[in-house]
Amino acid sequence: MADRTESNVVVQASPAQVLAVIADFAAYPEWTGAVKQADVVATGAGGHPDQVRFVLDAGVIKDTYTLAYTWDVTKSGTGAVSWELVEAESVLKALDGSYVLEGPKQGPTTVTYELLVDVRIPMLGMLKRKAEKSIISTALQELKKRAEG
């Protein structure tokens with residue numbers, strides 16, 4: 001997936017605190033504008049969610065979808081959380097991405113977010129990248145605000 005969009009932000013919190021926000025899917029509707037519901041469908045042996053079902057209402061893109069997660073993180077919270085689309089009910093064809101958390105144990109944490117979005121309706125590549133950039137920018141700012149708050 002060479003055409004992913006990527007951005008990063010520095011969060012004034014430890015990697016473990018940032019990871020805790022990312023892993024608390026039940027709270028996503030409280031701090032993300034577009035996620036209306038998030039339910040853990042399956043949990044892995046390490047206690048992290050393996051699959052999560054989301055209800056999304058991001059204006060133009062409305063869908064219910066399931067993501068499969070891979071948790072390649074240390075006890076201190078550094079590493080990567082990645083996901084890929086398992087299924088979607090209507091609009092999404094791909095929604096694959098990752099958060100990479102880097103920083104000292106006490107923080108601050110640099111969060112790099114990569115994302116690839118594809119939809120079933122025809123859309124110019126330029127518009128897809130613009131949508132990805134908007135999603136990433138919003139997600140990083142919301143994550144920063146939640147982890148620092």
Side-chain angles (χ1 to χ4, degrees), residues 1-9 11 13 15-102 109-149:
M1 294 186 200
D3 56 351
R4 289 179 178 224
T5 300
E6 178 182 311
S7 187
N8 60 51
V9 69
V11 179
Q17 289 170 308
V18 176
L19 183 63
V21 172
I22 292 169
D24 186 7
F25 293 104
Y28 275 37
E30 297 171 14
W31 62 273
T32 65
V35 175
K36 301 307 176 193
Q37 184 176 339
D39 300 307
V40 174
V41 177
T43 302
H48 289 297
D50 277 348
Q51 289 195 2
V52 181
R53 183 173 175 84
F54 294 90
V55 176
L56 178 76
D57 184 351
V60 177
I61 299 177
K62 295 180 184 181
D63 209 342
T64 299
Y65 58 92
T66 302
L67 299 179
Y69 283 84
T70 302
W71 302 83
D72 186 15
V73 292
T74 66
K75 288 183 181 181
S76 67
T78 59
V81 177
S82 57
W83 59 88
E84 60 183 29
L85 184 67
V86 175
E87 65 180 356
E89 290 184 2
S90 56
V91 177
L92 294 169
K93 190 161 69 171
L95 184 63
D96 303 339
S98 67
Y99 284 113
V100 176
L101 309 177
E102 300 173 299
T109 305
T110 299
V111 181
T112 302
Y113 187 4
E114 285 188 1
L115 187 66
L116 177 127
V117 177
D118 200 4
V119 292
R120 293 187 173 130
I121 54 175
M123 184 181 285
L124 294 173
M126 180 180 72
L127 292 176
K128 283 187 213 176
R129 298 297 83 77
K130 185 175 180 181
E132 288 171 352
K133 286 179 183 178
S134 176
I135 291 167
I136 287 174
S137 175
T138 301
L140 285 174
Q141 292 309 310
E142 290 172 341
L143 176 64
K144 177 179 172 72
K145 184 177 176 184
R146 180 74 172 195
E148 291 179 350

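All values reported here derive from a predicted model rather than from experimental measurement.
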### Query
Can you list the steps and then say if Tyr99 with Val18 is a side-chain contact (heavy atoms from CB on, under 4.5 Å)?
CA-CA 10 Å; Tyr99 284 113; Val18 176; over 6 Å; no

Spacing of [atom1] belonging to [X] relative to [atom2] belonging to [Y], to within rounding of 0.5 Å:
| X | Y | atom1 | atom2 | value |
| --- | --- | --- | --- | --- |
| Tyr113 | Leu101 | OH | CG | 12.5 Å |
| Leu56 | Glu89 | CG | CD | 12.0 Å |
| Gln51 | Asp39 | CD | CG | 13.0 Å |
| Glu84 | Leu95 | CD | CG | 11.0 Å |
| Glu102 | Thr78 | CD | OG1 | 8.5 Å |
| Glu142 | Thr32 | CD | OG1 | 6.0 Å |

#### Entry: side-chain contact (heavy atoms from CB on, under 4.5 Å) between Leu67 and Leu85, worked out
CA-CA 5 Å; Leu67 299 179; Leu85 184 67; 4.0 Å; yes

### Message
Restricting to side chain to side chain contact (heavy atoms under 4.5 Å, CB included), what partner residues turn up for Thr110, sequence neighbours left out?
### Response
Asn8, Val10, Thr112

Measure from the side-chain N and O atoms of [X] to the backbone N and O of [Y], and report whether any donor-acceptor pair falls under 3.5 Å.
| X | Y | result |
| --- | --- | --- |
| Tyr28 | Ile22 | yes |
| Asp96 | Leu116 | no |
| Asp63 | Ala88 | no |
| Asp57 | Lys62 | no |

Would you check if [X] and [Y] make a side-chain contact, meaning some heavy-atom pair closer than 4.5 Å?
| X | Y | result |
| --- | --- | --- |
| Leu19 | Trp71 | yes |
| Glu87 | Arg53 | yes |
| Thr43 | Asp50 | no |
| Leu115 | Trp83 | yes |
| Val81 | His48 | no |

Heavy-atom pair of closest approach, residues [X] and [Y]:
| X | Y | value |
| --- | --- | --- |
| Lys144 | Val9 | CD-CG2, 3.7 Å |
| Ala147 | Ala13 | O-CB, 3.9 Å |
| Ala23 | Pro49 | O-CG, 4.4 Å |
| Ala80 | Val73 | O-CG1, 3.6 Å |

### Summary
By ring pair (Phe, Tyr, Trp, His ring centres under 6.0 Å), Tyr65 pairs with (sequence neighbours left out) Phe54

